[in-house]
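Numbers here are sequence positions counted from 1. Order of listing sets the numbers, starting from 1, for every ligand and every atom in it.
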Amino acid sequence: MIDWQKIRSDFPAVENSTYLCTAGGGCLSAAAKKEIDRYYDEMHLQGDVCWDAWLARTENVRRRLASMLNAEPYEIAFLTTTSLGMNYAADLFNVEQEVLTLQNEFPSVTLPWLHRGYPVQFLPVQPDGGYDFDTFDLPAERHNRIFATSFVQYATGFRQNLTELGQFCEVHDLALIVDATQGFGVFPIDVKRDKIDILIFSGYKWAGAGYAIAPIFIRHELLSTTKLPAVGWRSSKMPYALRNNEIDFHHDASALELGHPPFPGIFALGGALQQLEEIGLEQVESRVHELTGMLHQKLDAIGAEIISTRDRAHRSGITMVAVNEPKQVAEALAKRNIHVSARGRGIRVALHFYNNEQDIEIFVGALAELTAAGN
Ligand SMILES: Cc1ncc(COP(=O)(O)O)c(C=O)c1O
């Protein structure tokens, strides 16, 4: 039996407010903070003499993440934003290839392709973010296309079935590029089983690792047969030889780290991953489902309209609730120290494993009062 209250105490931010905005930015765990503090203390007290130890720790985090994703360590690079990772992804293909994406994707999923001149087709989705593969009109004779999409959609919370998506992409000869920012840290991901070519996520939301860390997985065959989109001294096979007039790059994903690694973010991620492993991702997933189910019930009881899907197979930690004036409602809630995000025609409520039943009651009670008052 997991003691969720004890785990919650590792996240003091959720005691300081009713924190329902992990989809905007998550809380930093005590485990992640400990690793960041350790790094800054070492640097503060010893300067750079710990460099080798930091590199070794970086490789530990890489192995840990690779095993969580069912990837190889040499397929993982530590970048700082998903936006950067998606730009690298777009540089690994050919601008003549057609890109398919969904109508409601986060801009960083689509803009890097548009910016480079790829033909991009936006496929329609329903208001809850769901879609049916059968409605896509994909001419069978067109090969070599790309599907760039999110695991969990940022504004509706719709979670894709990556296994079905991977099979669909295989049948239609589509490279599969996934932004897992709104799903990693709650739902298990298996890049091999689901035939994912590239997967990127930012660590500051559901992963609980704070800013400036966004790992990217790149299927090894893809990187080893393509020109590196960017290089630096650590892209060289022998970085410490510091040769500046000779090209001899390795093709591990870490070549894309280019220079000194973003240590604080990497170590924070290491702490957060360790905690996720200790709790167990399956337990995290079922806790988020349990809380989200309770939220839906309580919203039904006050007659609120839920825009997100209720289908457990596609639900995530995000629930969109329709309100008349999203921005005003979010601001009025913030005045009561309840934090959600205004998005589209509603407010986005995010529940992670560190939330609890009381958070839901406080929020739904406040929403009922505000909507009764005409908001
Ligand atoms: C789906 C998705 N991807 C990426 C990001 C953030 O990307 P970045 O790390 O480039 O800021 C967000 C932020 O809201 C998001 O919702």
Below 4.0 angstrom from a heavy atom of Tyr154, which ligand 1 atoms are there? Numbered from 1 as shown, please. 16 (O)

Contact check, Lys205 vs ligand 1, heavy-atom distance below 4.0 Å: yes

Go through the steps for Arg116 and Asp91 under the test salt bridge (charged side-chain N to carboxylate O under 4.0 Å, His left out), then give the verdict. CA-CA 8 Å; Arg116 285 164 178 76; Asp91 279 335; 2.7 Å; yes

Atom 1 (C) of ligand 1 [closest protein heavy-atom partner, distance rounded to 0.1 Å]: Asp179 OD2, 3.3 Å

Name the closest protein heavy atom to atom 5 (C) of ligand 1, giving the residue it belongs to and the distance to 0.1 Å. Phe106 CE2, 3.3 Å

For atom 10 (O) of ligand 1, tell me which residue out of Ser83, Gly85, Ser202 has the closest non-hydrogen atom. Ser83

Below 4.0 angstrom, N of the basic side chain to O of the carboxylate: do Arg219 and Glu75 qualify? no

Arg57 side chain to Asn60 side chain, donor-acceptor N/O pair below 3.5 angstrom: no

Heavy atom under 4.0 Å from ligand 1: found in Thr82's side chain, backbone, both, or neither? both

Ligand 1 contact by Phe201, heavy-atom criterion under 4.0 angstrom: no

Just by distance, no angles: are the side chains of Thr82 and Ser108 close enough, under 3.5 Å, to form a donor-acceptor pair? no

Thr80, any N or O under 3.5 Å of ligand 1 N or O: no

Protein residue, atom and distance nearest to atom 11 (O) of ligand 1, heavy-atom basis: Tyr204 OH, 4.0 Å

Which heavy atom of Ser235 sits nearest to which heavy atom of Val231, and what is that distance? OG-CA, 3.4 Å

If only atom types and distance count, is the side chain of Arg348 paired as donor or acceptor with the main-chain N or O of Thr319 below 3.5 Å? no

Identify which one of Val178, Leu102, Asp194 satisfies the side-chain contact (heavy atoms from CB on, under 4.5 Å) criterion when paired with Gln160. Leu102

Specify the protein heavy atom at minimum distance from atom 16 (O) of ligand 1: its residue, its atom name, and the distance to 0.1 Å. Gln182 NE2, 2.9 Å

